[in-house]
Each structure stands twice: as C-alpha cells, then as structure tokens.
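Take a look at the structure below.
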Amino acid sequence: QEPLGLGHAVLCARDVVGDEPFVVMLGDDIIDASVPGAKQLADCYARHGLGTVALMEVPPEETSMYGIAAGEEIEPRTIRIERIVEKPKRDPPSNLAVIGRYVLPPRIFQVLDEVRPGVGGEIQLTDALAVLAREEGLLGYRFEGDRYDAGDRLGYLRANLAFALKRSDLAGPLRELMKEMSR
Ligand code: G1P
C-alpha cells in the first residue's frame with residue numbers, strides 16, 4: 001500500500017497480467033496520434049519479439065527529467081537500446097527521452113523483483129529495462145504523434161485546449177472564451 005516507484009507499481013500488476021506481454025501507459029503522458037502510441041509499440045513488439053518503449057527527442061536541457069535511451073538504429077524510427085538511464089544529471093547518452101508507453105515481456109517482473117531502489121530512492125522501471133536490454137534486448141520506437149505532458153500544470157492546460165480546439169462543437173466557443181478571459 002505504499003508508492004515505492006514506477007517499477008514497484010508495475011510489479012503490483014504481476015498477478016493480473018500473468019505470463020504474457022503487456023502494455024504500461026502513464027496517465028500523465030497524453031499522445032494524440034492517428035495510430036495510438038501503444039498500438040505503434042505493440043506492432044514493433046510483434047515485428048521483433050522484443051520489449052519496446054516509446055521515445056521522443058527532447059531539448060538537451062530537459063534530459064534530466066526523463067529516462068534517456070541510446071542505441072543503434074535498426075529500422076526507421078527504431079533503435080536497439082544499448083544504454084538507458086533514469087533522469088541523468090549529466091552526460092545523457094542521447095536526447096531521446098522515454099515517454100510513458102511501454103510494451104513489455106513478462107520477464108520484466110522477475111527483473112523488477114530483484115532491482116534495488118535507484119534515483120529518488122524509488123524502484124525504477126528504467127533500471128529494470130536496462131537489465132532487460134542487456135539480457136534479451138529492448139527496442140525504442142520514436143512514435144508518430146503529438147505528446148502532451150499532463151503532469152505539468154501548463155502542459156495539462158495545453159492538452160485540454162488542444163483537444164477542445166479539435167472539436168467542432170467547442171473550438172469556436174473556446175476561442176471566444178479565451179479572448180474574453182485574456183482581455
Ligand atoms: C517516469 C519514468 C521516466 C519517463 C517518464 C515519462 O518519470 O520514470 O523514465 O521518462 O515517466 O513521462 P516521472 O515523469 O514519473 O518522474
């Protein structure tokens with residue numbers, strides 16, 4: 001009943017998931033895409049038979065906010081991950097950030113069981129992913145689509161506005177409202 005980190009949260013789902021690949025979706029990462037982010041990753045998993053995490057390029061000053069992965073490109077948008085580090089304070093291995101979508105093999109549960117607390121004293125999913133990458137391989141997929149960070153206050157507002165502006169019933173009235181409120 002304690003929040004001990006993302007890795008721990010995933011481990012809590014072990015009995016529900018059982019012995020098959022599964023999707024992890026972090027609720028504060030919103031992806032707007034014609035093919036859903038998780039489906040893009042599941043297709044990659046199906047093609048290669050390896051766990052796949054969502055990647056996105058971020059500016060260098062933001063690499064310390066994310067899991068950062070690096071590796072060799074094996075296909076358009078797809079890298080075989082050689083290094084993955086949680087929130088590197090310095091010398092990030094790349095500017096490819098892990099975004100909250102993962103398709104993972106059940107083997108990750110055994111790894112998580114053994115992983116020790118990492119950054120922030122939390123059981124980090126990223127640390128287990130590093131073990132998985134070494135042991136059986138792990139892919140990163142630069143997904144297509146727009147991503148919103150709803151874990152950030154302004155990002156949350158931006159996501160709501162972006163989705164509302166795409167709706168014909170809301171776009172007009174919302175623009176009016178924003179004009180009125182910013183006067
Ligand atoms: C978590 C993960 C991190 C990942 C991020 C994506 O961090 O630990 O590896 O890059 O989600 O949003 P959090 O944002 O929960 O601190």
Side-chain angles (χ1 to χ4, degrees), residues 2-14 17 22-33 36-42 44-45 50-71 77-105 107-109 111-135 137-160 162-163:
E2 269 176 278
L4 301 179
L6 175 58
H8 176 254
V10 171
L11 193 52
C12 288
R14 186 179 201 161
V17 171
F22 63 102
V23 178
V24 176
M25 299 174 70
L26 307 188
D28 55 357
D29 278 323
I30 313 284
I31 296 176
D32 185 18
K39 167 80 169 123
Q40 295 180 42
L41 301 189
C44 183
Y45 189 113
L50 288 174
T52 306
V53 308
L55 295 180
M56 183 182 98
E57 283 181 29
V58 296
E61 63 275 14
E62 289 180 17
T63 49
S64 63
M65 295 163 53
Y66 297 96
I68 301 292
R77 297 190 167 272
T78 315
I79 65 166
R80 192 177 177 97
I81 293 178
E82 282 148 17
R83 289 194 61 201
I84 180 164
V85 194
E86 180 67 6
K87 305 196 173 109
K89 286 208 178 66
R90 66 186 78 81
D91 302 328
S94 79
N95 67 337
L96 287 174
V98 177
I99 299 304
R101 298 290 183 280
Y102 313 75
V103 178
L104 300 174
R107 163 88 185 122
I108 195 78
F109 292 124
V111 179
L112 279 169
D113 227 359
E114 285 164 22
V115 137
R116 303 271 60 93
V119 174
E122 298 184 356
I123 309 277
Q124 295 291 351
L125 181 59
T126 302
D127 295 345
L129 293 174
V131 175
L132 198 69
R134 263 201 315 277
E135 286 186 349
L138 178 71
L139 302 178
Y141 187 79
R142 278 196 301 107
F143 61 92
E144 285 178 69
D146 297 325
R147 177 258 183 176
Y148 300 93
D149 178 6
D152 170 79
R153 288 182 180 89
L154 200 58
Y156 174 80
L157 291 172
R158 181 194 282 269
N160 278 282
F163 277 87

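Whatever order the structure lists them in is the order used to number ligands and atoms, beginning at 1. Numbering starts at 1 and runs along the sequence shown. What's counted below: heavy atoms across the whole structure, side chains too, no hydrogens, waters or symmetry copies.
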Subject >> Salt-bridge present (D152, R158; N to O < 4.0 Å) >> reply: no
Subject >> Residues that Q40 engages under side chain to side chain contact (heavy atoms under 4.5 Å, CB included), provided they are two or more places apart >> reply: A33, V35, Y141, F143, E144
Original post:
Given side chains that start at C-beta, do those of L139 and C44 come closer than 4.5 Å, heavy atoms only?
Top reply: yes
Subject >> Set of residues satisfying side chain to side chain contact (heavy atoms under 4.5 Å, CB included) with respect to A159, sequence neighbours excluded >> reply: Y148
**OP:** Can you tell me which residue pairs pass the side chain to side chain donor-acceptor pair (under 3.5 Å) test with a partner in residues 81-104, sequence neighbours excluded?
**Re:** E86-T126
Original post:
Listing by chain and number, which residues have a heavy atom under 4.0 Å from ligand 1?
Top reply: L6, L26, D29, Y66, G67, E86, K87, V98, G100, Q124, T126
Original post:
Would you say the side chain of V53 lies within less than 4.5 Å of the side chain of L55, judging by non-hydrogen atoms?
Top reply: yes
